[in-house]
Amino acid sequence: MIAEVIVDVAAHPIDRPFDYAIPAHLQVLVEPGMRVKVPFGNRKVLGFITAIKDTTAFDPARLKPIHELMDVVPVLNEELLDMAKWMKKQTVCFEIDALQVMIPSALRAKYEKRFVLNAPIEEIAAPLQAYFGKRPFVRAQEAVEVYGLLKKELEKGTIVADTDISQQTAVKKVRMIHITDSLETLESIEIRPNAKQQLKLMDYMKENLGKSIESSQMQKDAGTTLPTIYSLVEKGAAIINNEELYRDPKLQSEIERKPSLQLTDAQQIAFDAIDGSLSTSKTFLLHGITGSGKTEIYLQTIDQVLKEGKEAIMLVPEISLTPQMTLRFKERFGDMVAVLHSGLSAGEKYDEWRKIQRGEVKVVVGARSAIFAPFRNLGLIILDEEHESSYKQDDSPRYHARDVAIWRSEYHQCPVILGSATPSLESYARAQKGVYELLVLEQRAKNQPLPEVEIVDMREELRSGNRSMFSVPLAEAIRERLERKEQIVLFLNKRGYSSFVLCRDCGTVMQCPNCDISLTYHRSTEMMKCHYCGYDEPVPHTCPECESEHIRFFGTGTQKVEEELARLVPEARVLRMDVDTTRNKGAHEKILSAFGEGKADILLGTQMIAKGLDFPNITLVGVLSADTTLHLPDFRAAEKTYQLLTQVSGRAGRDVLPGTVIVQSYTPEHYAITLAKDQLYEPFYDREMAMRRASGYPPYYFVVNIQFTHEDLMTAASYAEQTVSYLKGQLSANTLIIGPSASLIARVNNRYRYQCLIKYKKEPKLAEVMQQLIKIYRSEWIKKGATLAIDMNPTSVM
DNA sequence: AGCACGCCGACT
DNA sequence: GTCGGCGTGCTC
């Protein structure tokens, strides 16, 4: 028997199966989808078995045997193995990357170099002996200072180098003590009268007959020690056992289960349409304005799927995976739900994943990667807020969860629901063409009116002498709400709004030495930081160029707004929510719940507050500048602005109190802003589609972005140039090839970035041409230190 | 990607 | 003389 293995080496020449002999003792155990340790060249690596076969095209005499089997149960099933092959083609990634992204990071390999003793310890140099304590090895990291000595031993063969491979996080185990349920057994046990500890523990056990208690807990409760427990275990009072434990099993039973809500007529129509197609691979686009009750439709559809004995995946963007959201699912489905989000530790994610793999849960709620949940009998996939760009992974494998969802729906013959108040143009266009079935919810579920939106022309404000970031109407509205004890949300687009340091004498803005981007001022740490490469340095007191002391912090970060707000309304209690204040685990939730409890009047934040904020007392939403996303050099700028404004407006007036939204803009006449005012999606769609058609962007054209980086500007440009002329020769005449041009941020980490763009409608040879391009890159450019990244269907082209 | 093999300059 | 620089080639 021979196994095809995809090894854990992400490199072009390695990106294919390698055949290995399966040793006799493993032959009954091996299955595709299991992880194995295999010899590869002169080292050992982890790999995935993708197939098992009887013959090989390779010289059978030179086959190496699998070194070790890592799993008893495959971590990937046949569906996911097939999908990896599809992803490799679809996204131009390494198959190993596709496989790795499907399993929890805890299962990914950890390689650690070690020096292993290969002779009695007395035979090695004396200074080295101390490094090996009782262990037969030292980690290479621990022994850097005696590297020279080690090298000599390596030559003698008294020490050998080795790589230890393990998975990153293990299954958590606890020592459980199962006390016998028979009082007679306990009473028949003889304990010497002077063994006070044992007698005390015996009393404890008699009180807890038949119970299973964690040993640490028992030690605490009974005031005893582990050896004492062991002595009673030996006498037959209890059984000791190491057992698997799920990390933090959030006491499901404490969450009160809640029944379904009554659907409105509109919800019912949408529900019926989906319910009638549960065994087809149809894709539905559920277009419902904010607050129209999409979630209730999801919940009831999932309920139907569960009744049929199938499973469901519910994807949400990471930022809207709030405790409120997960609570809602747990209330409905109890312990049938696993939740996967970035706030979990690797171990916790692994545990949630195992619940799915073992069939202990039937519903998964999670961010992008939850689309790979190893369900076997999938009945429904939902992508809420389907337009969100976070559904596309921005490094390899650059997959879009929507595409994976549709692939899985075909595999399982189950429907996909794409839900959004502001669908992506791609999805809406498909719905128009009848590829997806469009379902519309036009009314808010509680029938509240849409909030009133006022657009303030900031140019007027400037003209009338108001140079602050708060327009007169916004400032007034804020004061008014404060008086009425209502709550306010102020929203600041993060992009383009980081604070920087400017010298007022020479005009210098502090730049990152490694990247073409200005450094961002971080007040909490008093550091200047580069958001691209991580470079940081202390805030200077004088200008680094002209040594002037007239330097000032410029720009409008949330911190800056906070300061100005303090001058405007000193009495207001302000909560700030941005990357700085939410860095710690759970900080996000804390801020939100504090705001919900009315501990602050104003919530000030970036994108992350645009989602899932559902508090009845919010009656004013202010958008400080709607323009920042609008003028980015990206074909999706208008779409993103429209989506953001709609999303943000939806935060106001969600309950009985009517809401007002004030949007400040320097280009208030732009259609993305005027049409978002009344949530006129269709007109926006038509306008934007016309723009896309004219400029040759999705959904009219497919786009591929190819980016080069190199230490030398001219080299990067030259490879991009060569690529453009190569592509022009290979691709069809009506395909547009744009560039090469420098990327928006032309240098990151001291590497120059050049890119070119392919826009095509039909290009049957594309995959092949990309493979050819990779071959050229591999055979020539890679050696010269270039990198190449191909992004099929990028969400943005900046 | 790693790692070994292999062929030329500055040190004990 | 040797240590070590990184070019080249291979990995079932």
Side-chain angles (χ1 to χ4, degrees), chain A residues 1-24 26-27 30 32-70 81 85 88 92-101 108-116 139-141 144-157 159-166 168 395-397 709-712 715 751 774-790:
Chain A
M1 277 166 87
I2 289 162
E4 273 185 16
V5 175
I6 298 288
V7 294
D8 180 22
V9 177
H12 286 108
I14 316 299
D15 186 29
R16 61 190 176 83
F18 283 81
D19 291 346
Y20 285 88
I22 303 172
L26 293 180
Q27 296 203 349
V30 286
M34 288 178 172
R35 295 169 303 153
V36 283
K37 259 182 222 177
V38 290
F40 193 68
N42 51 350
R43 59 199 164 128
K44 282 197 180 59
V45 295
L46 211 67
F48 292 85
I49 300 180
T50 51
I52 291 169
K53 55 189 186 180
D54 292 318
T55 56
T56 173
F58 192 72
D59 176 6
R62 288 173 57 213
L63 276 187
K64 291 182 183 175
I66 288 172
H67 181 252
E68 193 185 329
L69 194 58
M70 300 287 283
L81 291 173
K85 295 208 166 68
K88 173 181 174 175
V92 199
C93 69
F94 299 128
E95 192 165 338
I96 188 66
D97 284 340
L99 293 169
Q100 298 277 28
V101 80
R108 303 215 257 271
K110 193 173 91 186
Y111 297 93
E112 190 178 67
K113 276 188 206 146
R114 293 170 161 187
F115 297 103
V116 182
R139 286 182 249 274
Q141 252 192 327
V144 268
E145 65 269 38
V146 284
Y147 196 72
L149 285 169
L150 279 166
K151 208 163 179 193
K152 283 198 190 111
E153 301 293 340
L154 282 172
E155 275 162 26
K156 282 197 277 173
I159 287 174
V160 289
D162 186 30
T163 307
D164 179 66
I165 307 174
S166 57
Q168 301 201 345
D395 47 60
S396 179
T709 77
H710 197 272
E711 288 176 351
D712 175 54
T715 314
R751 298 182 64 86
I774 288 171
K775 267 196 189 146
I776 302 173
Y777 160 69
R778 211 168 103 186
S779 61
E780 297 169 35
W781 303 336
I782 198 171
K783 294 188 201 106
K784 306 272 170 63
T787 71
L788 167 124
I790 298 176

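Keep in mind that the numbers below use all heavy atoms, side chains included, and drop hydrogens, waters and symmetry copies.
Scanning DNA chain C 5' to 3' for nucleotides with an atom closer than 4.0 angstrom to a non-hydrogen atom of chain A gives a first and last hit of C/dG4 to C/dC12.
Under 4.0 Å is where a charged nitrogen must lie from a carboxylate oxygen, and between A/Arg114 and A/Glu112 at least one such pair does.
Using a 4.0 Å heavy-atom criterion, one finds that A/Tyr20 contacts the sugar-phosphate atoms exclusively. At a threshold of 4.0 angstrom between heavy atoms, the contacts of A/Lys44 with the nucleic acid are absent. A/Pro39 comes within contact range of the sugar-phosphate backbone alone, with a heavy-atom separation under 4.0 Å but no base atom that close.
The backbone N or O of A/Leu46 sits nowhere less than 3.5 Å from a side-chain atom of A/Arg35 that would complete a donor-acceptor pair. In terms of modelled atom types and a separation under 3.5 Å, the side chain of A/Tyr777 and the main chain of A/Ala789 share no donor-acceptor contact. The backbone N or O of A/Glu95 sits less than 3.5 Å from a side-chain atom of A/Asp15, completing a donor-acceptor pair. A donor-acceptor pair under 3.5 Å is absent between the side-chain atoms of A/Lys88 and the main chain of A/Pro397, judged by distance alone. Using modelled atom types, no side-chain atom of A/His710 and backbone atom of A/Trp781 make a donor-acceptor pair closer than 3.5 Å. Side-chain N or O atoms of A/Lys44 include none that pairs as donor or acceptor with a backbone N or O of A/Ile165 at under 3.5 Å.
One interatomic measurement links the two molecules: CZ of A/Arg43 to P of B/dG2, which rounds to 6 Å at whole-angstrom precision. Between A/Lys113 atom NZ and B/dA1 atom C1' the separation is 11 Å, expressed in whole Å. For A/His12 and B/dG2, the NE2 to P distance is 15 Å, given to the nearest whole Å.
Of the residues near DNA chain B, A/Ile782 and A/Asn42, the one whose nearest nucleotide (by heavy atom distance) lies more toward the 5' end is A/Ile782.
Near DNA chain C, meaning a heavy atom under 4.0 Å away, the residues from residues 49-63 of chain A are A/Phe58, A/Arg62, A/Leu63.
At most 12 non-hydrogen atoms from other residues, nucleotides or ligands lie less than 6.0 angstrom from CD of A/Glu711.
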